[in-house]
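Have a look at the structure below before the remarks.
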Amino acid sequence: MTALYVLGSGSRGNCCAVEHDGAAILIDAGFSSREIQRRAETTGLNLGTVSAIVLTHEHGDHSRGAGRLARRLGVPVLTAPGTWTRLEPRMPHAEHRPLGLCSRAEIGPFVVTACPTSHDAAEPLALAVETDGGIKVGVAYDLGRPTAAVRYLLRDLSAIVLEANHDDVLLRTSSYPPVVQRRIAGSSGHLSNRAAAELLVEVHHPGLGVVVLAHLSRQCNTAGDARATVASALRRAGFGGTLHVADQDEPLGPIPIKHAAGRQLQLGL
Ligand SMILES: [Zn+2]
Ligand SMILES: [Zn+2]
């Protein structure tokens with residue numbers, strides 16, 4: 001049994017987990033260690049089964065609780081080398097394992113692969129976690145634009161957590177100054193609902209069973225807008241899985257992830 005948890009997602013914190021046969025791996029730890037513990041408890045995720053914390057990049061909304069939590073759980077922190085250069089002074093006692101761009105990291109029943117993303121951080125990554133049962137979960141957020149490398153990493157997934165940060169119109173009409181609007185919409189910023197929908201149509205295949213929209217902007221998006229934009233595109237692509245929208249405050253999960261053959265078609269997005 002494989003399950004996905006999104007303990008929260010947005011500009012004030014991101015944390016996901018993949019659980020498989022009694023083992024788990026955390027992807028990002030952007031809340032305090034105590035808050036991650038609280039959210040894990042509400043979903044039934046046992047943090048005692050976590051064998052590593054993998055971080056996409058050093059921004060606080062992805063790394064805030066990583067050092068303390070890693071020490072408490074006695075597990076390593078995996079990041080790109082450039083990311084670690086920024087984080088090490090903040091978590092001097094953490095055991096670090098470098099995550100290379102073209103290499104695989106094996107952690108218990110999981111294999112983690114990564115690719116670079118276009119974002120204003122030291123060495124940001126999108127991640128794919130594959131279980132020894134062949135189920136593959138991708139996490140891609142803080143993504144200015146989907147590069148060829150990201151598209152390649154996100155092929156053949158069973159489940160994906162993908163950024164749907166803003167609605168183009170809500171961003172343009174927001175109270176953000178033009179310079180901030182340009183940064184958010186720019187190639188080192190964040191993915192819009194429309195861009196997320198286009199990317200999902202591109203990487204869609206019959207085995208994709210779960211899509212979670214993540215990192216929604218509070219000012220420039222709503223769960224309804226993100227869902228509506230993506231659901232209609234996915235429906236046209238023939239998606240028969242489940243579509244979720246992650247929330248900043250309410251944890252999601254456990255969301256069961258199955259192989260395509262064992263998956264029930266769920267219509268009515
Ligand atoms: Zn970021
Ligand atoms: Zn972020």
Side-chain angles (χ1 to χ4, degrees), residues 4-17 26-33 35-36 39 53-67 69 77-91 99 101 114-128 137-147 149-150 153-154 160-167 170-171 174 176 179-193 195-196 199 212-223 226 244-252:
L4 170 67
Y5 299 78
V6 183
L7 298 185
S9 185
S11 60
R12 289 185 293 114
N14 295 274
C15 183
C16 309
L26 274 194
I27 300 156
D28 283 340
F31 301 99
S32 72
S33 169
E35 180 64 12
I36 290 170
R39 290 177 184 233
I53 301 172
V54 190
L55 302 182
T56 57
H57 62 298
E58 72 274 19
H59 289 163
D61 59 316
H62 299 265
S63 68
R64 187 168 294 120
L69 190 62
V77 177
L78 277 72
T79 73
T83 301
W84 189 245
T85 306
R86 303 280 174 89
L87 285 176
E88 191 176 13
R90 283 197 261 146
M91 41 187 90
L99 191 56
L101 291 183
C115 80
T117 60
S118 174
H119 184 56
D120 54 2
E123 199 177 346
L125 300 176
L127 301 168
V137 180
V139 176
Y141 40 39
D142 291 55
L143 205 63
R145 61 189 168 81
T147 58
V150 167
L153 184 83
L154 300 182
I160 182 169
V161 178
L162 181 68
E163 173 166 62
N165 177 258
H166 56 273
D167 172 86
L170 291 180
L171 177 62
S174 70
Y176 284 134
V179 63
V180 177
Q181 291 187 23
R182 278 197 296 276
R183 192 194 82 75
I184 292 171
S187 63
S188 299
H190 292 275
L191 214 59
S192 70
N193 294 341
L199 178 57
V212 181
L213 302 179
H215 219 301
L216 270 69
S217 160
R218 210 158 252 209
Q219 287 82 13
C220 307
N221 210 356
T222 66
H244 305 262
V245 181
D247 189 78
Q248 181 71 87
D249 301 315
E250 291 299 321
L252 264 183

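Atoms within a ligand are numbered from 1 in the order they appear, just like the ligands themselves. Start at 1 with the first residue, then count along the sequence. None of the values given here were measured: they were computed from a predicted structure.
Taken from CG in D28 to SG in C16, the straight-line distance is 7.0 Å, to the nearest 0.5 Å.
Below the 2.8 Å limit, the Zn ion (ligand 1) has as protein N, O or S neighbours H57 NE2, H59 ND1, H119 NE2, D142 OD2.
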Worksheet entry | Worked verdict on L99 versus L127 for side chain to side chain contact (heavy atoms under 4.5 Å, CB included) | CA-CA 10 Å; L99 191 56; L127 301 168; 3.6 Å; yes
Discussion item. Between D61 and H215, is the side chain to side chain contact (heavy atoms under 4.5 Å, CB included) condition met? List the steps.
Written reply: CA-CA 10 Å; D61 59 316; H215 219 301; 3.1 Å; yes
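Considering L55, D142, T83 as possible partners of H62, the one that fulfils the side-chain contact (heavy atoms from CB on, under 4.5 Å) test is D142.
Residues satisfying the side chain to side chain donor-acceptor pair (under 3.5 Å) test with S63, not counting sequence neighbours, are none.
Although no hydrogens or angles enter the test, the distance criterion places a donor-acceptor pair under 3.5 Å between the side chain of Q248 and the main chain of R12.
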